[in-house]
Amino acid sequence: MKYLIVGAGFSGAVVAEQLSRDTDNEIIVMDERSHVGGNCYTERDTETDVMIHCYGPHIFHADDKEVWEYICRFCDMKPFVNRVKTVSKGKVYSMPVNLHTINQFFGKSLNPEEARIFIEQIADSSIEVPRNFEEQALKFIGRELYEAFFCGYTKKQWGCEPDMLPASILKRLPVRFNYNDSYYDDPYQGVPAEGYTEIFNRMLDRPNIKVQLNAKFSPEMDLSGYSHVFYTGPIDEFFAYKYGRLSYRTVSFEKNVCEGDFQGNAVINYADGEVPYTRIHEHKHFAPWENHNKTVYFKEFSKETMPGDMPYYPKRLSDDLVKLELYQKEAQCLQDITFLGRLGTYRYMDMKEPLTVRRISANFYD
Ligand code: UDP
């Protein structure tokens with residue numbers, strides 16, 4: 001069988017790798033970029049030799065042992081716990097909200113049970129089922145913590161009022177009543193010793209996989225020679241935006257290089273609305289097993305995606321969901337094409353999701 005896979009990010013690469021196990025299959029992976037790996041692409045900075053996550057920080061985390069073991073077949077995964085700090089009104093706090101954050105912010109020394117009771121008292125218990133991001137935050141942690149850490153950051157990050165955003169975005173972050181300051185809850189967390197690009201090179205290095213870079217897909221292409229197409233590009237672009245554009249946020253980075261250690265941590269968020277960037281990432285801290293005299297860091301800015309910009313975060317506002325349903329209806333009629341990945345399904349997705357190999361296999365063998 002001959003397959004076409006559009007996009008060499010995680011979704012495309014995993015499907016390619018799975019299909020390549022049947023040596024009779026012939027697999028073409030095309031990507032419009034000049035490299036594999038999608039937004040997970042990493043390369044060494046020529047000035048500092050630091051491994052850079054070129055499209056923003058990526059920390060691999062998973063709760064499924066099978067997913068972890070799968071990715072570890074393609075790289076030397078080093079344990080890495082992301083311990084994010086956030087700056088609010090000139091003070092540095094621990095993020096996500098944990099016992100340290102609560103005690104720092106309120107100038108207290110509560111124990112776990114006392115903190116739980118305290119937060120219960122200040123949280124908005126009148127909200128039963130939160131309808132949006134803001135209500136979710138008020139229900140979880142109350143107004144003061146919401147305004148200090150989430151309101152300004154979220155307006156910068158998403159370019160809209162937090163009450164327009166789904167509650168699910170906030171649910172990505174835990175609230176903890178202990179001093180666990182790991183950004184993620186997942187038991188398996190790490191960063192590949194030699195970056196993410198190596199994973200993709202190894203996944204795609206099969207005699208029956210051909211990778212075509214700088215190759216942009218168009219639905220007008222002759223697809224008749226393929227048994228099936230796996231499309232991981234934006235679903236609205238596939239249909240030439242006939243029902244309108246789905247909204248995305250895009251990010252841009254301002255690069256800086258200096259001697260030594262710029263901020264002493266991999267990621268520091270800037271919660272205040274007045275600070276134009278959302279966060280600063282200093283990439284040598286993602287690889288604490290390496291030594292570098294110089295350092296490279298990036299200020300991250302968020303903006304609405306315009307035609308030509310790279311779509312990063314699906315906003316999924318109510319208008320978007322109406323359009324998405326129309327696109328999905330059309331997609332379902334195309335028997336020989338599967339839409340997958342963050343852009344193909346228009347979902348906020350962590351790296352572990354495309355790696356849930358069995359689910360993907362079930363999806364395309366259905
Ligand atoms: N968020 C926030 N302040 C923070 C960190 C996160 O307001 O310091 C909000 C923001 O809206 C973000 C969401 O919580 O989009 C989810 O955070 P996560 O870190 O999962 O977002 P990511 O960086 O992966 O987009």
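When reading the values below, keep in mind they use all heavy atoms of this one structure, side chains included, and skip hydrogens, waters and symmetry mates. Numbering of ligands and ligand atoms starts at 1, following listing order.
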Residue list, ring-ring contact (aromatic ring centres under 6.0 Å, His included) with W158, at least two apart or on another chain: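 Y313, Y348.
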What's in the same ILVMFWY side-chain cluster as M306, cut-off under 4.5 Å, chained through other members?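 Other cluster members: none.
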Within 45° of the ring axis of Y243 and under 6.0 Å from its six-membered ring centre, is that where the NZ or CZ of K323 lies?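 Relative to the ring axis of Y243, which defines the angle, K323 lies outside at least one limit.
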Going by the rule side chain to side chain contact (heavy atoms under 4.5 Å, CB included), which residues pair with E147 if we only count those two or more places apart in sequence or in a different chain?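 Applying side chain to side chain contact (heavy atoms under 4.5 Å, CB included) to E147 gives R143.
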Decide whether I169 and V251 are clustered together by the hydrophobic rule: side chain heavy atoms of Ile, Leu, Val, Met, Phe, Trp, Tyr closer than 4.5 Å, transitively.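 Yes.
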Show the protein residues that qualify under the rule heavy atom under 4.0 Å from an atom of ligand 1, listing them in chain and number order.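 Lining ligand 1: M95, F133, F149, F150, Y153, T154, Q157, W158, I169, R172, L173, Y183, N269, R279, Y313, Y348.
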Do other residues, nucleotides or ligands put more than 12 heavy atoms under 6.0 Å from K210 NZ?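 For K210, atom NZ is not crowded (no more than 12 foreign heavy atoms under 6.0 Å).
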